[in-house]
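Proteins get letters first, then strands, A, B, ... in listed order; numbering begins at 1 in each.
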There are 2 protein chains.
Amino acid sequence: MSTTPAHTKGLQDVVAGESSICWIDGHAGILCYRGIDIHDLAEKSTFEEVCYLLWYGKLPTAAELKGLHAAMAAERKLDPAVIALLKGCPKSATPMEVLRTTVSALSMYDADSLLLKDHAANLRKAIRITSQMAMIVAYFDRIRKGKDLPAPDASLSHAGNFLWMLNGEKPSATATQAMDIALILHADHELNASTFAARVIAATESDMHSAVTGAIGALKGPLHGGANEAVMKILFAIDKAGADPVAYVKDMLAQGKKVPGFGHRVYTTEDPRATHLRRMSHDLGVKDNKPKWYDMSHAIEDFMNKENPKKKLNANVDFYSASVYTTLGIDIDLFTPIFGVSRISGWAAHIIEQHDDNRLIRPRADYIGPKHPAPYVPIAGRG
Amino acid sequence: MSTTPAHTKGLQDVVAGESSICWIDGHAGILCYRGIDIHDLAEKSTFEEVCYLLWYGKLPTAAELKGLHAAMAAERKLDPAVIALLKGCPKSATPMEVLRTTVSALSMYDADSLLLKDHAANLRKAIRITSQMAMIVAYFDRIRKGKDLPAPDASLSHAGNFLWMLNGEKPSATATQAMDIALILHADHELNASTFAARVIAATESDMHSAVTGAIGALKGPLHGGANEAVMKILFAIDKAGADPVAYVKDMLAQGKKVPGFGHRVYTTEDPRATHLRRMSHDLGVKDNKPKWYDMSHAIEDFMNKENPKKKLNANVDFYSASVYTTLGIDIDLFTPIFGVSRISGWAAHIIEQHDDNRLIRPRADYIGPKHPAPYVPIAGRG
């Protein structure tokens, strides 16, 4: 077997292929989509503009952006069978199971489902699945709460329409901006586990729905999505106990526990995404006179920074997204689905890139099992 | 970025991790599960025995095998909601979309769904999903043909019960043996694309249903499953045209076409799995007085062997499985789902192995995109 002898567990630092989508410099704290710095995108663009950038490889002109907005708004529809599927899910089903199952079902109602790797069809599917995933998450939450299903509003942005469908009331400008920035910041992160899963699936020349369904399954894992949920559980626990946030976290550290929302496998300096979520957490708190979650988060971050003078454990993307989403009135078990509502933009870009210049992704394993050939002992002789 | 500079496209020959499940020597034509040669397993064991071997790491005693058979038979049940989901799929839905969606839905009715990586729960899920996938494929086919849904028969083996549920009549001993051997031969093949996808998903500590759903999505791709379907389409075309099989294939080669069912990325000698499917194709044809598909296949193989004196293009696992399945009366669009009905055994073994000693699988990409940071040009200034 002429395989590369050395390997690193989990393919850490192994280059799995070429990509022109995302650049991360973990030491310098730089994240770029298609070469454009995430700070510029968070401050100056919209989620639709970022989708255009990821899918078409360049920033859109005004006409192109208008066209994409119209196309995304036109795809805000779910087949009645998909809504029936959502309504039929048992009460005990978790949001990520429901999202995985309904996104898989979408392909059965997709006019392009037989075009497995066609570039133009993939772009249509990227738009369609992005619009549909936001609807599925919002409607899932409305259905489980026994609420009505607001019709999508084509006049609203993707972020604004998502909040409208989720809450049944038109969102404030600050709320829309907070959600828009959260969607921009989570849109892509190179070959993270869900994106890599999507590319492995797409590389068999399977269709985008298959790849996205697999990616949702990967995002469901606690080592991938879920950290902001853990952050919020701690904030809730502090609030419920009426505890001092710093004393609470000090106590966690004394017990040898990790504080979720700090540190990142790739970033050794500040996660550039944290900057913008910190600001939105602050602005939302002030705007809505609900600064509690921001204040608590900020106190914890200050303490953590003092505890870690070498700055190895910085607040990451998850830390402030917890208070942002909670201040927006979103249930914590929707945090990971909303990660998916954003990351679909990056998944789609990677699937298209994989399909456009494909090779099957098929590594080898280092065999450490029983010596072979082991004898086949007849059943009567087995101990 | 301290990544390994060199990479091979598609991770070809890159070792992605350790595994004690499957040994392949492509040059010697050896395939072993847990050290036991596939020839021994195909000739002497059953699919249930192979499941035991893959999941528990050793061949079972008579009592252990009896226990596994009983456990698998007891799990031959689908929640009414899953049957309703199968019945509700549109007529245009392809079998692999339906399989992916219904297997994803299974987790919502699984008592162990919240135990994401627990070893004992994973073993229960392995048994359950293996039993359920066979039912889903059989019932899907019955439903689309407007037929009744036969109740599973606990007295039958996994292969026999599958044929019973699919055809609504008790299968002959030869038919059961042919299906059993096909299931054994397809059970595992190291880090093939679907298994690797399953491991990438499982490595986020996501659950077995997520990993299997992703694997089904990967298997759906034409570069993975689907080759035996392509073989059968050619046999049908030859039959319909009343053509000479050798002349037909000669003509394909003259046109520069590849003949499906010959050659394999890993094997440079005979695919050891082909041996047993050739024999079953022959035996089934003789037994049922329908030697047409075997005879045609054999003529093509003889010709291909003469054309390729260096034996670089040997019949692979797909070549004779086509005639086996067709002689068993199975529709060609079920060939890939049946691959899944078998491969679930290997997927489950790999997911359990991943969960038991886990590390997130997260490679890096070689960035070839626009120079960064590229300027963020305001929208009015974009060309």
Inset, instruction - Please look at B/Thr195 and chain A and tell me whether the side chain, the backbone, both or neither of the residue comes under 4.5 angstrom of a heavy atom of that chain. - result: neither

Legend entry - Heavy-atom pair count under 4.5 Å with chain B, highest-scoring of A/Leu41, A/Val377, A/Asp357, A/Asp37: A/Asp357

Inset, instruction - Could you grab the distance from atom CG of A/Leu360 to atom CG of B/Leu11, nearest 0.5 Å is fine? - result: 10.0 Å

Inset, instruction - For the pair B/Thr101 and A/Thr101, evaluate side chain to side chain contact (heavy atoms under 4.5 Å, CB included) and give the outcome as yes or no after the intermediate values. - result: CA-CA 6 Å; B/Thr101 305; A/Thr101 305; 4.3 Å; yes

Inset, instruction - Could you look at B/Ile30 and say if it's the side chain, the backbone, both or neither that has a heavy atom under 4.5 Å from chain A? - result: neither

Legend entry - Nearest heavy-atom neighbours spanning B/Glu97 and A/Met108: OE2-N, 3.5 Å

Legend entry - Per-residue contact mode, B/His189 against chain A (heavy atom under 4.5 angstrom): both

Legend entry - Rounded distance (nearest 0.5 Å) linking atom CD1 of B/Ile21 with atom OH of A/Tyr367: 9.5 Å

Inset, instruction - Check for a donor-acceptor pair, side chain of B/Ser206 on one end and backbone N or O of A/Gly217 on the other, with a separation under 3.5 Å. - result: yes

Legend entry - Residues A/Ser104 and B/Arg100: side-chain donor-acceptor under 3.5 angstrom: yes

Inset, instruction - Go through the steps to decide whether A/Arg362 and B/Asp13 satisfy the test salt bridge (charged side-chain N to carboxylate O under 4.0 Å, His left out), and finish with yes or no. - result: CA-CA 8 Å; A/Arg362 202 278 185 224; B/Asp13 296 329; over 6 Å; no

Legend entry - Check ion pair A/Asp207-B/Lys220 (N to O, under 4.0 angstrom): yes

Inset, instruction - May I have the step-by-step check of side chain to side chain contact (heavy atoms under 4.5 Å, CB included) for B/Leu219 and A/Thr204, ending in yes or no? - result: CA-CA 7 Å; B/Leu219 184 59; A/Thr204 69; over 6 Å; no

Inset, instruction - Let me know if B/Glu64 has heavy atoms under 4.5 Å from chain A in its side chain, its backbone, both or neither. - result: neither

Inset, instruction - Among A/Pro222, A/Ala105, A/Gly57, A/Cys22, single out the residue with the greatest number of heavy-atom pairs under 4.5 Å to chain B. - result: A/Pro222

Legend entry - Nearest-0.5 Å distance that lies between atom CG in A/Leu191 and atom CG in B/Asp366: 10.5 Å

Inset, instruction - Side chain from CB out, backbone as N, CA, C, O: work out which of these in A/Thr94 comes under 4.5 Å of a heavy atom of chain B, or both, or neither. - result: side chain

Inset, instruction - Return the option, out of A/Ala84, A/Ser45, A/Ala215, A/Ala202, with the maximum number of heavy-atom pairs under 4.5 Å with chain B. - result: A/Ser45

Inset, instruction - Can you tell which part of B/Ala81 gets under 4.5 Å to a heavy atom of chain A, answering side chain, backbone, both or neither? - result: neither

Inset, instruction - Look at the rings of B/Phe196 and A/Phe196 and say which category their plane angle falls in: under 30° parallel, 30 to 60° tilted, over 60° perpendicular. - result: perpendicular

Legend entry - From CA spacing to verdict: side chain to side chain contact (heavy atoms under 4.5 Å, CB included), B/Val14, A/Arg364: CA-CA 6 Å; B/Val14 171; A/Arg364 296 300 304 261; over 6 Å; no

Legend entry - Which atoms of B/Ser92 approach chain A - backbone, side chain, both or neither, heavy atom under 4.5 Å: side chain

Inset, instruction - Between chain B and each of A/Gly35, A/Gly214, A/Gly369, count heavy-atom pairs under 4.5 Å; write down the option with the most. - result: A/Gly35

Legend entry - Distance (rounded to the nearest 0.5 Å) between A/Lys44 NZ and B/Tyr376 OH: 7.5 Å

Inset, instruction - Give the member of B/Gly26, B/Ala93, B/Pro60 that has the highest number of heavy-atom pairs under 4.5 Å with chain A. - result: B/Pro60

Inset, instruction - Kindly compute the distance separating NE2 (A/His372) from CD1 (B/Ile36), expressed to the nearest 0.5 Å. - result: 12.5 Å

Inset, instruction - Answer yes or no: is there a donor N or O on one side and an acceptor on the other, between the side chain of B/Glu190 and the main chain of A/Ala365, under 3.5 Å? - result: yes

Inset, instruction - Counting only heavy atoms closer than 4.5 Å, note whether B/Lys58 contacts chain A via side chain, backbone, both or neither. - result: side chain

Inset, instruction - Check whether A/Thr61 gets within reach of chain B through its side chain, its backbone, both or neither, counting any heavy atom under 4.5 Å. - result: both

Legend entry - A/Ser19, part contacting chain B, at a heavy-atom distance under 4.5 Å: both

Legend entry - Most contacts with chain A, counted as non-hydrogen pairs under 4.5 angstrom, among B/Gly383, B/Pro370, B/Ser20: B/Ser20

Legend entry - Residue among A/Pro363, A/Gly381, A/Ala374 with most heavy-atom pairs under 4.5 Å to chain B: A/Pro363

Legend entry - Most chain A-contacting option - heavy-atom pairs closer than 4.5 Å, from B/Pro378, B/Pro90, B/Ala197: B/Pro90

Legend entry - Spacing of B/Ile216 atom CD1 and A/Thr213 atom OG1 [to the nearest 0.5 Å]: 10.5 Å

Inset, instruction - Using a cut-off of under 4.5 Å on heavy-atom pairs, state which of B/Ala193, B/Ser194, B/Ser107, B/Ala203 scores highest against chain A. - result: B/Ser107

Legend entry - Interface moiety of B/Leu85 toward chain A, non-hydrogen atoms closer than 4.5 Å: side chain

